[in-house]
Amino acid sequence: MKVISGNSNPDLALAIVEYLGISLTDATISRFSDMEIRAEINENIRGKDVFVIQSICTPANEYIMELLIIIDALVRASAKRITAVIPYYGYARQDRKTESRAPITAKLVANLITAAGANRVLTMDLHAGQIQGFFDIPVDHLYASTVLLDYLKRNFSGHLVIVSPDAGGADRARAYAKRLNADLAVVDKRREEPGRSEILNIIGEVSGKTAIIIDDMVDTAGTICNAAQVIAEKGAQAVYACCSHAVLSGPAVQRISRSAIERLIVTDSIPLSESAKTLGKITVVSVAELLAKAIHSVHNSESLKPLFV
């Protein structure tokens with residue numbers, strides 16, 4: 001087994017190989033003076049089972065190209081099998097035609113990864129489950145709930161209510177509520193335009209309870225901050241939020257700092273910005289062990305079922 005890291009999340013890659021008991025494969029991922037990406041594998045990987053760890057986060061276009069170029073280098077170096085380990089799959093929200101002449105970019109990215117030479121993909125908490133079907137190669141889809149539920153069970157008790165920030169996330173919230181023996185509520189939301197939302201109502205009872213908003217990602221944080229405000233106004237004892245992917249773009253950090261959210265629990269699928277690290281409201285739970293176990297199982301042709309909650 002060989003594990004190579006791109007530049008998107010080196011700390012997570014180091015934590016993964018630590019769990020695996022191996023070292024990262026020596027590779028140079030750099031830029032030419034005109035900012036073209038250069039990848040050079042400095043070890044023999046002929047006939048090896050290679051895993052490339054790369055989140056497609058900000059700057060997404062840079063990190064997609066890094067991933068594709070690394071995969072191409074591995075193909076030309078005669079790697080036996082190449083698995084793209086993508087903790088956060090960028091462009092996942094563009095998974096369908098929302099307008100008459102709109103692209104389906106999540107499918108385009110899948111095509112690029114396949115065409116570059118990847119033999120399989122290992123990813124986590126896709127924004128839409130059907131993206132697995134966009135690939136013509138095997139996809140192993142993990143869920144961060146495995147580690148997030150463990151954190152919530154250890155740190156929260158009493159009368160809890162799990163809140164979905166929109167109707168689309170109700171199934172996810174229901175699964176958390178079932179495992180935490182908590183109540184369930186759903187925010188009735190109308191999105192006026194991308195990045196902005198209007199909260200209309202809360203379906204369910206939150207008064208006097210500790211509310212935990214569950215989502216797959218937080219981007220500009222408008223949705224969860226608006227939801228938190230309404231939940232607090234409805235009489236919740238405290239409001240927390242939990243998500244798999246902390247995109248935190250644009251005004252997200254500022255919004256969270258001024259919001260009714262007492263704490264935002266996220267995974268390290270995306271590295272936090274410096275402003276997010278200093279906010280004091282964000283707790284990071286690592287998915288390194290989960291991904292390491294998945295890599296170990298894929299390498300040894302073992303079932304990944306034990307990794308699902």
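Not measured: the values here are computed from a predicted model. In what follows, every heavy atom counts, from backbone to side chain, and hydrogens, waters and symmetry copies are set aside.
Annotation for Arg154: atom CZ counts as buried by contact number, over 12 foreign heavy atoms lying within 6.0 Å.
Inter-residue side-chain proximity for Tyr240 and Leu152 is flagged as unmet; no heavy-atom pair is nearer than 4.5 Å. With a 4.5 Å cut-off on side-chain heavy atoms, Lys2 and Ile41 do not count as touching. The shortest side-chain heavy-atom distance between His159 and Gln237 does not fall under the 4.5 Å cut-off.
In terms of modelled atom types and a separation under 3.5 Å, the side chain of Lys293 and the main chain of Leu307 share no donor-acceptor contact. Judged by distance alone, with hydrogens and angles left aside, the side-chain atoms of Asn9 form a donor-acceptor pair with the main-chain N or O of Asp268 at under 3.5 Å. In this structure, Ser55 contributes its side chain and Ser269 its backbone to a donor-acceptor pair below 3.5 Å. Between the side chain of Ser297 and the backbone N or O of Leu304 there is no donor-acceptor pair closer than 3.5 Å. Distance alone, capped at 3.5 Å, is enough to place a donor-acceptor pair between the Thr123 side chain and the Ile86 backbone. Looking only at distances, no side-chain donor or acceptor of Tyr91 sits under 3.5 Å from a matching main-chain atom of Ala60. Judged by distance alone, with hydrogens and angles left aside, the side-chain atoms of Lys97 form a donor-acceptor pair with the main-chain N or O of Ala102 at under 3.5 Å. Proximity of a side-chain donor or acceptor of Arg172 to a complementary backbone N or O of Ile214 within less than 3.5 Å is not detected. A donor-acceptor distance shorter than 3.5 angstrom exists from the side chain of Gln54 to the backbone of Ser8, with no hydrogens or angles considered.
Between Lys209 and the choices Asp183, Ile231, Val239, the side-chain contact (heavy atoms from CB on, under 4.5 Å) rule is met once, by Asp183.
When all heavy atoms are compared, the tightest approach of Ala241 to Ile224 is CB-CD1, 4.2 Å.
Under a 4.0 Å N-O distance rule, the pair Arg174/Asp171 qualifies as a salt bridge. Salt-bridge annotation for Arg31 and Glu66: present, with a side-chain N of the basic residue lying under 4.0 Å from a carboxylate O of the acidic one.
Side-chain contact of Ser275 with Ser273: a donor-acceptor pair under 3.5 Å is present, judged by distance alone. Between the side chains of Glu40 and Thr28, no donor N or O sits under 3.5 Å from an acceptor N or O.
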